[in-house]
Number of protein chains: 2
Amino acid sequence: MASLAPQARDGAMRPLARSLLAVVARLQRQSGLTDTERDALLALPAHMTVIERGDHLVQEGKATDSCCALLAGFACRHRSTGAGQRQILAIHMKGDLVDLQNAGLGTVDYGVQALTAVTVAYIPRRALLKLAAEHPAIAKALWTDALIDASITREWLMNLGRRNAYQRISHLLCELAVRENHASLNDDGNFAVPLTQEQIGEVTGLTAVHVNRTIQRMRAEGFIRVAAQRMSIVDWPALVAAADFDRAYLHQPAGENGVPS
Amino acid sequence: MASLAPQARDGAMRPLARSLLAVVARLQRQSGLTDTERDALLALPAHMTVIERGDHLVQEGKATDSCCALLAGFACRHRSTGAGQRQILAIHMKGDLVDLQNAGLGTVDYGVQALTAVTVAYIPRRALLKLAAEHPAIAKALWTDALIDASITREWLMNLGRRNAYQRISHLLCELAVRENHASLNDDGNFAVPLTQEQIGEVTGLTAVHVNRTIQRMRAEGFIRVAAQRMSIVDWPALVAAADFDRAYLHQPAGENGVPS
DNA sequence: CGCCGGTTTGAGTCCATTCAAGAGGAGTGG
DNA sequence: CCACTCCTCTTGAATGGACTCAAACCGGCG
């Protein structure tokens, strides 16, 4: 019953974005930009493509001279241990710059994989750096983005280090709900959970079996309701409390408050 | 026997740095800077102080208009769950900018505590931002620093998510050894482990008791040797293999190779 | 209709935790 | 100089949360 991601056969999901608007909107929200700066960003050369679920947007270790932005769909950063155990390091959605590290350092030490079908834009690294050098505010915006990204990673570290399975999973769900809300992705109290239980395990450092049992408990206790690929949170305050969730680490500008449903 | 940090009563440790040289050296190594840029950084207004072991360099949540650089000694970033469980998020040493987030976002969502007596420099946030706006290369250097910081956090995430106690602890030790080597802090194959076993637990998401048993095993197996606050690695390649350690994530410029002893 | 990816369920095991107590070294005060 | 305290490390025994292995189920798809 109630599968989380019963083959993300999309269709409705098939994305069509044709400009960097989503990215600019994101930077705008985080850092504020003048019209000049927005236009400069929108004028960046970018190569748009659609990538199927399961394929990679960015290959680990592979040197590239471009930097990838996510315009629609969901993706995840991940890396594996020598023994082949995979850890998901971040989840990305519309508007995210998935490999800013690439722009800054020239290498990525992680891969980025499509969780659903996605539209992406590849921006030449040089063009981005040039823009940053010319517009201090854009440099600052990119820096800010990297700092927020790091803040989220730290919270995940807390999650793995100090919380049990139940808390880890509910924390992840809270984060997804709030972030999707912020990116205007959720409708009527539903939000996407574009992950299989196996993948939730790869986020939370648990096995798929244990994820399954834990989610069942959450359902049984009436915290959440699950429907194909989507989820709704029945008792937001209770889930937030159980998860020890405090959205401050997301550094979203004030304005939206409380329940993301 | 063989305590790891039997009261870091310092003395020999008491630091005296009077300039931002250590910080500039670090940025130089990572990003390269012209003489003009170096001079500009060194000319930054900065307030230097010594802070005792256990005291805080940066208070969680507290708004400040300055940004803290570590000139000598060791410190750690940390945050606690609602239930009061503490997680250490990063370990800092000579030359590290411990709250770049403060400069970029204007808030920190973590505290920074001295692990030994430390010398720090507080740099007015505005002065730093002004410099970054004037010198694109400095902006880029700060950005790069934030990216490397994030890369380390991601590796820690891997560590907690996918490795067992033995691997987590040895991975931490490998990282300390390599980073101290890079910051020219270790002598004759010894390196500082400025953490109590309790604190190692707070880094690795383990209890002090289990850390103790695991370290004893590592000693018994002849991988490491422990002496008050310092440690030496007997069989570096073996430890690296056991820890699944790959220094790439530290993004240290090429040059130094292999064993940090 | 059979295959495939994902979810569900069961039973047994183990790594790490919890609780508790002792031991050792370093500083402190009488 | 000794008693006292604090902090850290050490050890033991019992418990439990999460894992492993394995099999069954389920819906969609070719």
Side-chain angles (χ1 to χ4, degrees), chain A residues 1-11 52-54 81 83-87 113 115-116 159-170 193-220 224 226-231, chain B residues 1-13 52-54 83-86 115-117 159-170 193-220 224 226-231:
Chain A
M1 60 170 76
S3 73
L4 264 187
Q7 326 283 83
R9 316 276 177 239
D10 356 281
E52 291 307 314
R53 172 173 190 260
T81 64
Q85 308 237 78
R86 191 168 86 137
Q87 174 69 37
Q113 187 183 28
L115 290 168
T116 64
N159 215 25
L160 292 200
R162 294 288 139 187
R163 294 198 261 257
N164 62 26
Y166 196 100
Q167 296 174 305
R168 289 185 207 180
I169 295 173
S170 37
V193 181
L195 299 160
T196 65
Q197 293 184 353
E198 175 75 41
Q199 289 164 339
I200 292 179
E202 290 172 337
V203 170
T204 53
L206 303 165
T207 57
V209 171
H210 198 57
V211 168
N212 181 286
R213 294 198 233 261
T214 308
I215 288 182
Q216 280 181 62
R217 226 181 91 211
M218 296 172 66
R219 279 207 302 246
I224 57 170
V226 178
Q229 267 191 284
R230 314 215 108 226
M231 200 173 262
Chain B
M1 62 170 77
S3 74
L4 264 187
Q7 325 284 81
R9 316 278 177 236
D10 355 280
M13 204 66 223
E52 290 306 314
R53 171 172 191 262
Q85 307 237 80
R86 190 168 89 135
L115 290 169
T116 64
N159 215 25
L160 293 201
R162 295 286 140 188
R163 293 198 261 257
N164 62 28
Y166 196 100
Q167 295 174 305
R168 290 185 207 179
I169 294 172
S170 37
V193 180
L195 300 160
T196 64
Q197 294 184 352
E198 176 74 41
Q199 289 164 339
I200 292 178
E202 289 172 337
V203 170
T204 53
L206 302 166
T207 57
V209 171
H210 198 56
V211 168
N212 181 287
R213 294 197 233 261
T214 307
I215 288 182
Q216 280 181 61
R217 226 182 90 210
M218 294 171 66
R219 279 207 302 245
I224 57 171
V226 178
Q229 267 192 283
R230 314 214 110 228
M231 199 173 263

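None of these values were measured; they are calculated from a predicted model. Reminder, nothing fancy here: chain letters follow the sequence lines and each chain counts from 1.
Distance, A:R162 CZ to C:dA16 P: 14 Å, rounded to whole Å. The CD1-C1' distance, from A:I215 to C:dT9, rounds to 15 Å in whole Å. Atom P of nucleotide C:dA16 and atom CD1 of B:I200 are separated by 15 Å, given to the nearest angstrom. Between B:R217 atom CZ and D:dT10 atom P there is a gap of 16 Å when expressed in whole angstrom units. The interatomic distance linking B:I169 (CD1) with C:dA16 (C1') rounds to 11 Å, in whole Å. Per the geometry, CG belonging to B:N212 stands 14 Å off C1' belonging to C:dA21, to the nearest Å. To the nearest angstrom, P of C:dC4 lies 16 Å from CZ of A:R53. Distance, A:L160 CG to D:dA18 P: 12 Å, rounded to whole Å.
Checked options B:V203, B:I200, B:T196, B:L195; the residue passing with B:V211 is B:I200 (criterion: side chain to side chain contact (heavy atoms under 4.5 Å, CB included)).
Counting only N and O atoms by type, the side chains of A:Q113 and A:R86 include a donor and acceptor under 3.5 Å apart.
When heavy atoms are screened at a 4.0 angstrom cut-off, B:G205 is found touching the sugar-phosphate backbone but no base atom.
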Please tabulate, one pair per line, each protein N/O and nucleotide N/O from nucleotides 20-25 of chain D that are separated by under 3.5 Å, including the distance.
{"unit_1": "D:dT20", "atom_1": "O4", "unit_2": "A:R213", "atom_2": "NH2", "d": "3.4"}

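With distances taken from any side-chain atom of B:L206 to the nucleotides D:dT10, C:dT9, C:dT17, the minimum falls on C:dT17. Closest to the A:Q216 side chain, of the nucleotides D:dT8, C:dT9, C:dG6, is C:dT9.
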Carefully, step by step, assess B:E202 and A:R162 under the rule side-chain contact (heavy atoms from CB on, under 4.5 Å).
-> CA-CA 9 Å; B:E202 289 172 337; A:R162 294 288 139 187; 4.2 Å; yes

Derivation and outcome, side-chain contact (heavy atoms from CB on, under 4.5 Å), residues B:V226 and B:R219 = CA-CA 8 Å; B:V226 178; B:R219 279 207 302 245; 3.8 Å; yes

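Residue B:Q197 places no side-chain N or O under 4.0 Å from the OP1 or OP2 atom of D:dC7. Between B:R219 and D:dT10 there is a side-chain polar atom (N or O) within less than 4.0 angstrom of OP1 or OP2.
The residue among A:R168 and B:E198 whose nearest nucleotide of DNA chain D is located toward the 5' end is B:E198.
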